[in-house]
Number of protein chains: 2
Amino acid sequence: MARAPSGSDRSPATITDVARAADVSIKTVSRVMNEEKRVRPETRARVLEAAQALNYRPNVMARSLAAGRPFLVGLVYNNPSIHYVNAIQVGAMKRSSELGLHIVMAEPDSAENAITDLLQLAAETRLAGLILTPPIGDAPGLIDALLQADIKLAVVAPAAARKQVAQVRMDDVRAAYEITQLLIAKGHRRIAMIKGPPSHGASHWRATGFSQALTQAGIPIDPELFATGDFSFRSALAPTEKLLRLEAPPTAIFASNDDMAAGVIATAMKLGISVPERLSVVGFDDSPIATIVWPHLTTVRQPIAEMAARALDLLVAGDGEAEAEELAFDIIERGSTATPPAFVKK
Amino acid sequence: MARAPSGSDRSPATITDVARAADVSIKTVSRVMNEEKRVRPETRARVLEAAQALNYRPNVMARSLAAGRPFLVGLVYNNPSIHYVNAIQVGAMKRSSELGLHIVMAEPDSAENAITDLLQLAAETRLAGLILTPPIGDAPGLIDALLQADIKLAVVAPAAARKQVAQVRMDDVRAAYEITQLLIAKGHRRIAMIKGPPSHGASHWRATGFSQALTQAGIPIDPELFATGDFSFRSALAPTEKLLRLEAPPTAIFASNDDMAAGVIATAMKLGISVPERLSVVGFDDSPIATIVWPHLTTVRQPIAEMAARALDLLVAGDGEAEAEELAFDIIERGSTATPPAFVKK
DNA sequence: ACGTTGAATGACAGCGTTATCACAATGGAA
DNA sequence: TTCCATTGTGATAACGCTGTCATTCAACGT
């Protein structure tokens, strides 16, 4: 008995195989796979059956070559906070699989290389677009260069609004304002801030919200109480030590993200300053590290994963006009904040 | 004056554009781009110049369709340790850009879905192969299913050796043995271990090395001193508390990775047990968290990023026979280990 | 002078898919 | 009954590239 060409073939089945099996033309198979109309139900069923039997999956490369329709999306990041990156990835991947897209990662080592790298990536893969996450979304000239090359863009948490570019953000100013208010409400008056790197738009907004809250409470802004980190744990160490060794040290420190807040706590601990008894600490992001350090961090829950997911949506939906979307945040109070020591005396 | 078709065209230049500009056939352009021989230097120069002028980048999709040569590699992970995943990504991305490949991420939510997801990914994108990282590399049936679908595989730190599959590992048994010896050398005799999840091969090997060191030092193995986590920070909390509340609590705890070791320290801190004075802690991985917690962790430096990079190498090099490679580790002593309290009395 | 060789190049057929257009079959209106 | 939409279907040409094989041309040996 001659062996029929059964299913256990080597290389993946192609559209031709399915067409042959279903006794139709490849175009009909294509129609069925793309859910086009004008196919008789019984023909459709026959094709689907054949496809199933052969375990057929359209080759996305051929598909995108022929249709000009992309199947890849670039996710660009370059953020020292590993938790932030992870959240971005998780959010983007979840949505991408729902959309039938695949994600290629790009992590340019510097803003200068970013332009070249990303142009190359886009030219090579003809991808649907790029999702830029902080801080690359704010790299000067980058967006212009990419736009000029006709690459669709969605930017997560950009520093400034831009026409022609889809954007997903949250109200950093408001969030920083509210969490600073929380410290003020507890009685803190001498509050320091460890700002994020100037290259991140968010750094600026958070500092603004912080200052607004102080001003509104009638607390003078003391330049001595501002320091800057790069959003990494380590970058907060030295600045914190300097702050805590001040003649009049702060009773609370607002770190621009949780990694740095963890650095603040570590430094305080090293100097024998107990948190929250003698120093309150707040962070930003509600990343996993917020509940890893002890005490747990009072922080702002930022919907990072969701922002990435929405950015993807905007990217693929993006017909012409760039949309901007704003997601909500939450203030999460945990153990790292308390009434300041001076407060009880007063 | 009629405008010549200048460089600022819309869609990316194709091989035909370059061929026309350089006044050669597309095949010659192809030859130049692929650095084949048999092209006159001056022709090559002319083509390169035209390509440069048009900012031409070969379309990888068309390329891989035509040549059957892939340009994507799948990186599969599903690991609760964010630092581990990050290190894997960093290593893989670095090498992939050197190799001219792009990485698509896959994070199956469960071992069951993994097979379907990965088969689909592979069929759709015709990728060069998959890099499996723990614990998916050990998911039962997965490797067989993928192998049967003719997908090339490289596994990082697999539980057991497999023919036909490239592997990169380190000597977990030896590393665990050595770091346990370090504890023993300091005078610890009552040492607990928080094992990793049984789904990870490494969990088993590390426990083996641990037991070997104890046995060799003549210390009896006490089942009471073994606990199990899932490699996440949180999973170490409850087991540690249970260990420390034992009638005869351990003077040292060996956690199977750094995240869990951080959990051990956090728990000890919560219970008012100072590290390393009353409890020594060692971890495994030397992930960033090792120097974020206080005291810093004594741990095993595992070349995670490099393992991923080597896995990629093996994947693309892989001609027939599966190779296995073993990378070196280092023991890093930091502040979380000290002489046990009982030891001074003796 | 005449093959013979080998280097340089080009024509053209795929790769697996979608898009365009033509064609056959059906059904209703004239 | 004839004609024209309408619906379902199939040839066949792209898409941008590589592989195969043919072709051209100069240089060499006899």
Side-chain angles (χ1 to χ4, degrees), chain A residues 9-48 50-51 54-72 100 102 120 122-127, chain B residues 9-48 50-51 54-72 100 120 122-128:
Chain A
D9 256 325
R10 273 294 107 232
S11 50
T14 73
I15 199 171
T16 315
D17 301 328
V18 178
R20 193 161 26 227
D23 195 30
V24 294
S25 75
I26 59 169
K27 179 63 219 190
T28 298
V29 176
S30 172
R31 269 192 270 262
V32 171
M33 298 315 289
N34 290 288
E35 301 187 336
E36 288 175 28
K37 312 202 184 322
R38 308 278 146 98
V39 179
R40 235 183 341 173
E42 53 191 272
T43 312
R44 175 185 309 279
R46 197 147 38 91
V47 169
L48 285 177
L54 293 171
N55 198 22
Y56 167 71
R57 312 275 185 189
N59 177 332
V60 281
M61 261 139 29
R63 192 188 273 231
S64 109
L65 222 208
R69 189 189 318 145
F71 72 101
L72 286 179
H102 295 287
Q120 162 151 13
E124 278 183 4
T125 65
R126 308 295 151 96
L127 34 67
Chain B
D9 256 325
R10 274 292 108 236
S11 49
T14 72
I15 198 172
T16 316
D17 301 327
V18 178
R20 193 161 25 227
D23 194 32
V24 294
S25 74
I26 59 168
K27 180 66 222 191
T28 299
V29 177
S30 170
R31 270 191 270 260
V32 171
M33 299 313 291
N34 291 289
E35 302 187 332
E36 289 176 28
K37 311 199 186 319
R38 306 284 147 96
V39 179
R40 235 182 341 169
E42 52 191 273
T43 312
R44 174 185 310 278
R46 196 146 39 90
V47 169
L48 285 176
L54 294 171
N55 198 22
Y56 168 71
R57 312 275 185 188
N59 178 331
V60 282
M61 259 135 32
R63 195 190 271 233
S64 111
L65 223 208
R69 189 191 318 145
F71 72 101
L72 286 178
Q120 162 152 13
E124 278 184 5
T125 65
R126 309 292 153 96
L127 34 68

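All chains are named by letter (A, B, ...) in the order of the sequence lines, taking the proteins before the strands, and each is independently numbered beginning at 1. Values below: all heavy atoms of this structure, side chains included; hydrogens, waters and symmetry mates excluded. Just so it is clear, the structure is predicted and the values come from calculations on it, not from any experiment.
- Both B/Thr16 and A/Arg44 sit near DNA chain D, but only A/Arg44 has its closest nucleotide nearer the 5' end.
- The distance from atom CZ of A/Phe71 to atom C1' of D/dC15 is 14 Å, rounded to the nearest whole Å.
- We find that CD1 of A/Ile26 is positioned 11 Å from P of C/dC15, with the value rounded to whole Å.
- As judged by a 4.0 angstrom heavy-atom cut-off over every strand, A/Val24 is placed among residues touching the sugar-phosphate backbone only.
- Here B/Tyr56 lies in heavy-atom contact (under 4.0 Å) with sugar-phosphate atoms only.
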Practice problem: Go through the steps to decide whether B/Glu124 and A/Phe71 satisfy the test side-chain contact (heavy atoms from CB on, under 4.5 Å), and finish with yes or no. | Solution: CA-CA 10 Å; B/Glu124 278 184 5; A/Phe71 72 101; over 6 Å; no
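- Of the candidate nucleotides C/dT18, C/dG10, D/dG19, D/dG19 has the atom nearest to the side chain of B/Ala67.
- In terms of position along DNA chain D, the nucleotide closest to A/Pro41 lies nearer the 5' end than the nucleotide closest to the other residue of the pair A/Pro41 and B/Arg63.
- In this structure, B/Met33 places its CE atom 13 Å from C1' of D/dT18, rounding to the nearest Å.
- Distance CZ (B/Arg38) to P (C/dG6): 10 Å, rounded to an integer number of Å.
- You'll find that the side chain of B/Thr28 is closest to C/dG10, out of C/dG10, D/dT18, C/dG16.
- Around the CG atom of A/Asn34, the shell of radius 6.0 Å holds more than 12 heavy atoms that belong to other residues, nucleotides or ligands.
- Taking only side-chain atoms of A/Arg40, from C-beta outward, the nucleotide of D/dG8, D/dT18, C/dT17 with the closest atom is D/dG8.
- Rounded to whole Å, the distance from CG on A/Asp17 to P on C/dG16 is 8 Å.
- With rounding to whole Å, A/Met61 atom CE is found 11 Å from C/dT17 atom C1'.
- Proximity note for B/Arg69 (side chain, C-beta onward) versus C/dT9, C/dG16, D/dG19: the nearest is D/dG19.
- Nearest nucleotide to the B/Thr43 side chain, out of D/dG16, C/dT18, C/dT9: C/dT9.
- Listed candidates were C/dT18, C/dA8, D/dG16. Nearest to the side chain of B/Asn59 is D/dG16.
- One can place CD1 of A/Ile15 at 14 Å from P of C/dC15, the figure rounded to the nearest angstrom.
- Evaluation of atom-type donor-acceptor distances gives no pair under 3.5 Å for the side chain of A/Lys27 against the base of D/dA11.
- Nearer the 5' end of DNA chain C, as judged by each residue's closest nucleotide, is the contact made by B/Ser25, out of A/Ala62 and B/Ser25.
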Sort me out a list of protein N/O and nucleotides 21-28 of chain D N/O pairs below 3.5 Å, or just none if empty.
none

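- Atom CZ of A/Arg126 is separated from atom P of D/dG16 by 7 Å (rounded to the nearest Å).
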